[in-house]
Amino acid sequence: MHVIGGTASTSLAERVSRELGNAPFGIPFTKRFPDGEMYVRVGGRLEGEDVVLVQSTRTDADLLELILLEDAIREAGARHLYVVVPYFGYARQDRRFFPGEPVSARALCRVVELDADAVVTVDLHSAQTLTQFTKPAYEASGIPAIARLLRERPVDVLVSPDKGGVERVRRMAQLLEKPWFALDKKRIDSDHVELKIPAELPGTLEGKQLVLVDDVITTGGTMVEAAKLLTKNGAGAVSAACTHGLFLRDAFERIKAVTDEVYSTDTLGNAAEKASVAPDIAEILRRQLPSD
Ligand code: R5P
C-alpha cells in the first residue's frame with residue numbers, strides 16, 4: 001500500500017504510513033499557474049498499487065487539490081484508491097435548513113467518492129452523512145486518540161459542553177473508567193452560547209480535574225464559556241479536548257487563557273494537536289476495506 005499526503009494532511013499521512021508498517025509515503029508536487037489555477041503531480045510507481053490518499057478538506061483549495069490528486073493517482077494506474085478525509089468540510093450543512101439551499105455534505109460526498117474505491121473519514125458532524133456515499137465509507141472516531149492521551153494525564157470527571165455530545169463523552173468515560181456529565185447549552189448565535197450546570201452531577205466539582213470533550217472547536221465560544229462556568233463552580237483544573245481543532249481567529253488563545261490544557265487530534269494542523277488518529281485510520285485501512 002502507498003500513502004500520499006495532500007498539503008492539508010502531510011504529517012497525519014506520514015503517521016498513517018508508519019502505522020501501516022512503513023508503507024511507501026509520498027508528498028505530491030503542487031504549484032499555482034500564473035492565472036491562479038492549481039497544478040499537482042504525484043511521484044513514485046503507483047501502477048497496479050493500492051493507494052491511500054490523505055487530505056482534509058478544511059478549505060475549498062484543499063477540496064480542489066483532493067479532486068486533482070484523485071485523478072492523478074488514477075492516471076498513474078493505481079489498482080485501488082482509498083481516500084481518507086480526516087476533517088470533512090461542509091459536513092455541517094447536512095440538510096436543507098431553508099428552501100433553495102443545497103445539502104452541501106451530500107454534494108461533497110459525491111465529489112469526494114468519484115474516483116475512490118472507498119472513503120474513510122473521522123468524526124463527521126452527523127453520522128447520517130456517511131449514508132450519502134454510494135461507495136463503501138467508514139468513520140473513525142477521535143475518541144480513542146484523545147483517550148490514549150488522557151490516560152497519561154490527571155482526569156477526575158469528563159464533561160460534554162452540550163447534550164448533543166452525550167454519546168461521545170459517555171464513550172470516552174467508558175474507555176477511561178471515569179464519571180461524566182453534560183452541560184445544558186443554548187446557542188444564541190454563531191459566536192455566542194449560554195451554558196448551565198445540570199441539576200444532576202456525579203458528585204462535587206470542588207477541586208476536581210475536569211476535561212471538556214467536544215467533536216469540534218470552531219470559534220471557541222463553547223469551550224471558553226464552559227471552562228469559565230466549571231471554574232466558577234469550583235473545578236480545580238479544566239482542560240479542553242476535541243477531535244477537530246479549527247480554532248478560528250484567536251480561539252486557541254482565548255481557550256488557553258481560561259483552561260489548563262488544550263488538546264486536539266491531528267485531523268487538522270494546529271497548536272493543540274497532541275493526539276493522533278493515525279492508528280485508528282490505519283486500523284480501518286488494514287481490516288475493513290473492500291479489495292476487489
Ligand atoms: C456543536 O454541536 C459542536 O459539538 C460544537 O460544540 C460547536 O460546533 C463548537 O463551536 P464553537 O467553538 O464555535 O463554540
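In listed order, ligands and their atoms are each counted from 1.
- If you look at ligand 1, the protein residues with a non-hydrogen atom under 4.0 Å away are Asp162, Lys185, Arg187, Asp214, Asp215, Val216, Ile217, Thr218, Thr219, Gly220, Gly221, Thr222.
- Contacts of Arg92 classified as salt bridge (charged side-chain N to carboxylate O under 4.0 Å, His left out), with partners at least two apart in sequence or in another chain: none.
- For the residue pair Thr134 and Glu113, a side-chain donor N or O sits within less than 3.5 Å of a side-chain acceptor on the partner.
- Judged as a salt bridge (charged side-chain N to carboxylate O under 4.0 Å, His left out), and not counting sequence neighbours, the contacts of Asp191 are Arg249.
- Within the 4.5 Å cutoff, the side chain of Gln55 has heavy atoms near those of the Asp62 side chain.
- Residues satisfying the salt bridge (charged side-chain N to carboxylate O under 4.0 Å, His left out) test with Lys178, not counting sequence neighbours, are none.
- A salt bridge links Glu167 with Arg170: the closest approach of a Lys/Arg side-chain nitrogen to an acidic carboxylate oxygen falls below 4.0 angstrom.
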